[in-house]
Amino acid sequence: MVMRPISIYRRSFCFRCNSTVAHSNHEPVTQKARNFMETTTTSTAIFQCNSQISKLARNGNLQEAEAIFRKMSHRSIVSWNAMISAYAENGKISKAWQMFDEMPVRATSSYNAMITAMIKNKCDLGKSYEFFCSIPEKNAVSYASMITGFVRAGVFDKAECLYAEIPVKFRDPVASNVLLSGYLRSGKWNEAVRVFEGMAVKEVVSFSSMVDGYCKMGRLVDARGLFDRIHERNVITWTAMIDGYFKAGFFEDGFDLFLRMRREGDVEVNANTLAVMFKACRDFGRYREGSQIHGLVSRMPLEFDLFLGNSLISMYSKLGYMGEAKAVFGVMKNKDTVSWNSLITGLVQREQISEAYELFEKMPDKDMVSWTDMIKGFSGKGEISKCVELFRMMPEKDDITWTAMISAFVSNGYYEEALYWFHKMLRKEVYPNSYTFSSVLSATASLAALIEGLQIHARVVKTNIANDLSVQNSLVSMYSKCGNTNDAYKVFSCISEPNIVTYNTMISGFSYNGFGKEALKLFSILESTGKEPNGVTFLALLSACVHVGYVDLGWKYFKSMKFSYGIELGPDHYACMVDLLGRSGLLDEAYNLISSMPCEPHSGVWGSLLGASKTYLRVDLAEFAAEKLIELEPDSATPYVVLSQLYSLVGKNRDGDRIRNIKKSKRIKKDPASSWIILKGEVHNFLAGDESHLNLEEITFTLQMIEKEMEMISLGHGSSFQ
DNA sequence: CTTAGTACTC
């Protein structure tokens with residue numbers, strides 16, 4: 001690994017002084033600056049001080065800017081203006097006002113600095129406009145600033161009015177650019193085009209905005225057409241076009257344009273361009289290109305900033321190159337929360353939890369992302385109590401955090417807890433998002449808890465995320481797993497843009513509820529849509545064949561997977577096929593299939609064989625399968641139970657007793673049947689035979705309420721499959 | 001005075 005030098009500069013977020021304006025390092029007052037202060041009698045010295053103040057302010061170093069200003073023996077209007085802007089840039093509007101009031105003589109530029117300060121700091125629009133009106137001699141900058149204020153606040157009619165009022169001599173492209181970019185940002189395309197077409201003078205900024213606008217609309221060809229037609233392009237034009245390609249999913253085009261940008265050499269690649277490149281390399285999994293560009297950066301006379309460093313860490317982290325990610329992290333002088341989080345995320349994804357946790361503990365300013373990421377990390381390791389501990393320690397929590405906690409429960413099989421925490425979340429008045437609903441619906445699905453599922457569906461309908469595809473898919477899955485195929489299909493047929501997951505969910509829903517033929521029919525519909533089936537699709541299909549008993553069709557699908565669709569066969573596909581053959585009595589064929597497996601058979605495969613062997617009284621194969629099963633899952637009761645049942649079926653009672661004794665001696669127990677109900681937001685668990693702690697009247701009442709709620713649920717008007 | 005752009009929930 002080559003360590004590359006990284007220098008840091010301007011514009012970023014500084015976590016050390018909490019300034020939103022970027023700066024690199026908190027350097028002490030330099031000797032050079034001190035020299036300026038002592039010789040401010042000449043106009044060149046004043047000029048140098050002024051530009052030093054502006055530079056320091058841009059870097060967020062307000063203290064030193066103040067120091068220079070204070071020690072200047074002579075000041076010009078520009079010195080005062082610079083201080084107004086300095087305060088404005090750093091969010092100190094009252095200090096800016098103080099400067100404005102104190103300054104002895106004001107020029108239009110002073111008023112402009114002040115109106116800009118007000119707009120930047122989102123001061124009251126009315127007050128800003130009042131101030132604007134008070135400017136004695138407005139110029140083009142005054143108008144452009146005020147229009148910016150209106151546009152940022154979304155008051156386009158006021159912006160247009162003022163725009164129309166600009167005296168002819170002050171008309172320049174900047175005000176039009178403000179309007180144009182404002183309309184583009186808020187998606188008012190027609191208005192934007194009107195402004196663009198009406199512009200007397202169009203220049204780089206106008207074209208850049210339009211190129212970006214086309215890209216954001218997905219009109220790549222139009223964007224490129226305009227890009228090629230214009231005579232002048234700057235870094236922003238290039239970057240917008242390149243990123244447009246990336247965002248539309250075209251890596252090569254974006255990358256080629258980047259190369260051309262460097263080759264043509266009339267504009268310099270800057271930190272933003274590179275951040276875009278690194279993000280793209282990350283998203284498209286292009287480590288080689290990413291590290292090439294990284295190498296290039298160190299040789300360019302180009303400085304580095306937080307955005308750039310962070311995009312590099314993120315790229316290396318996501319692509320699994322933790323060494324490189326750590327190297328960049330180590331070299332960066334200024335790190336912010338994002339830098340830490342990106343590295344931690346990478347470690348979490350590589351399941352290097354202890355290292356991630358070490359960093360997490362060392363991290364100075366943890367935000368919700370950091371905590372949430374750690375929860376995700378421990379969830380992946382199955383350490384659910386650690387997740388809860390972290391969750392409880394968090395200073396603040398939002399919907400994302402709650403969702404992470406809930407899905408931690410779900411992915412570790414704690415479905416009741418997931419539901420319990422969902423209700424807790426609602427009680428805390430945190431609004432669930434689409435991920436929350438997906439998670440919690442999958443919990444109810446796993447519990448086959450139709451009533452809870454219905455309640456959540458009702459909640460989904462009341463929220464505006466009922467059109468979210470992943471939520472809709474979860475609903476289909478929930479109804480299917482609760483055995484309610486009809487409602488599953490109703491939801492399915494209301495989905496406007498189903499994806500492959502949607503189809504898979506519905507096909508397997510049909511399948512395990514016994515509607516094998518419907519499942520197969522849906523597959524042919526899927527094929528007619530041109531969507532590509534995947535491994536999950538075939539799993540659903542094969543199990544449909546199991547239900548209908550179509551051995552030949554099953555074989556056909558099984559064989560066509562690899563040959564016609566190029567999909568790898570996994571152990572689950574084999575398990576399904578073994579099941580299909582076994583249930584049809586083709587036990588030797590099933591056994592041969594297992595022997596021919598390229599991957600290691602898992603418990604599902606042997607379980608299928610065992611079940612079929614019991615049905616067809618094949619003691620030899622049953623014993624073999626049971627043995628394998630016990631090897632793989634020593635704590636499972638299933639092989640013992642099935643085998644002893646088979647022994648008694650064929651009259652080998654002595655063998656049955658022997659098996660039962662082994663089971664007893666190994667202390668293997670069947671899980672006791674349990675159930676649960678949610679009452680007033682609390683999950684009540686009870687085991688079979690336990691009638692102690694619940695008030696039956698209350699339960700009955702609650703059930704009646706729930707039934708009423710069920711009637712209110714609108715499922716849309718999709719056709720029923722029956 | 002105007003234009004592009006990094007991290008975290010499934």
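Here is the naming used below: chain letters follow the sequence lines, and residue numbers restart at 1 for every chain.
If you check every strand for non-hydrogen atoms under 4.0 Å, A:Lys366 touches nothing. At a threshold of 4.0 angstrom between heavy atoms, the contacts of A:Ser342 are confined to the sugar-phosphate backbone, with no base atom among them. Using a 4.0 Å heavy-atom cutoff across all strands shown, A:Val174 reaches at least one base atom of the nucleic acid. Residue contacts shown for A:Arg152 are limited to sugar-phosphate atoms, with no base heavy atom under 4.0 Å away. Among the heavy atoms of the strands, none lies under 4.0 Å from A:Ser470. Using a 4.0 Å heavy-atom distance criterion, A:Lys247 is classed as a sugar-phosphate-only contact. If you check every strand for non-hydrogen atoms under 4.0 Å, A:Asn433 touches a base.
For A:Ser181, taking side-chain heavy atoms from C-beta onward, the closest of the listed nucleotides B:dT6, B:dT9, B:dT3 is B:dT3. Of all nucleotides listed (B:dC1, B:dA4, B:dT9), B:dT9 comes nearest to the side chain of A:Ile400. The side chain of A:Val338 approaches B:dT6 more closely than any other nucleotide in the set B:dT6, B:dA4, B:dT2. Nearest to the side-chain atoms of A:Val205 among the listed nucleotides B:dT3, B:dC1, B:dA4 stands B:dT3. Closest approach to the A:Ile236 side chain among B:dC1, B:dT6, B:dA4 is made by B:dA4 (side chain taken as heavy atoms from C-beta onward). The side chain of A:Tyr435 lies closest to B:dC10, out of B:dT2, B:dC10, B:dC1. In this structure, of B:dC8, B:dT9, B:dT6, it is B:dC8 that holds the atom nearest to the side chain of A:Lys318. Comparing B:dT3, B:dT6, B:dC8 by their closest approach to the side chain of A:Asn310 singles out B:dT6. With distances taken from any side-chain atom of A:Thr372 to the nucleotides B:dC1, B:dA4, B:dT9, the minimum falls on B:dT9.
For the pair A:Ile166 CD1 and B:dT2 P, the computed distance is 14 Å after rounding to whole Å. Between A:Asp212 atom CG and B:dT2 atom P there is a gap of 16 Å when expressed in whole angstrom units. Per the geometry, CZ belonging to A:Arg233 stands 19 Å off P belonging to B:dA4, to the nearest Å. Atom CD1 in A:Ile344 sits roughly 12 Å away from atom P in B:dC8 (whole-Å rounding). Distance CE (A:Met199) to P (B:dT3): 13 Å, rounded to an integer number of Å. For the pair A:Phe196 CZ and B:dT3 P, the computed distance is 16 Å after rounding to whole Å. Atom pair A:Ile406:CD1 and B:dT9:C1' shows a separation of 11 Å (rounding to whole Å applied). In this structure, the NZ atom of A:Lys202 is 22 Å from the P atom of B:dT2, given to the nearest Å.
Contact check, A:Lys376 against B:dC8: no side-chain N or O comes under 4.0 Å of OP1 or OP2. Checking the phosphate oxygens (OP1, OP2) of B:dC10, a side-chain nitrogen or oxygen of A:Ser407 falls inside 4.0 Å. For the pair A:Arg185 and B:dT3, the criterion of a side-chain N or O lying under 4.0 Å from OP1 or OP2 is met.
No hydrogens or angles considered: a donor-acceptor pair under 3.5 Å links the side chains of A:Tyr357 and A:Lys386. Side-chain polar atoms of A:Ser370 and A:Asp373 form no donor-acceptor pair below 3.5 angstrom.
One distance of note links CG of A:Leu296 with CD1 of A:Ile293; it measures 7.0 Å at 0.5 Å rounding. Taking OG of A:Ser379 as the start and CD1 of A:Ile406 as the end, the distance is 12.5 Å to the nearest 0.5 Å.
A:Trp371 and A:Phe360 have their aromatic ring centers within a separation under 6.0 angstrom.
Between A:Phe246 and A:Phe284, the ring-plane angle classifies as tilted under the 30° and 60° cut-offs. Classified by interplanar angle (parallel below 30°, tilted 30° to 60°, perpendicular above 60°), the ring pair A:Phe227/A:Trp238 is perpendicular.
For A:Asn234 against B:dA4, no side-chain N or O and base N or O form a donor-acceptor pair under 3.5 Å.
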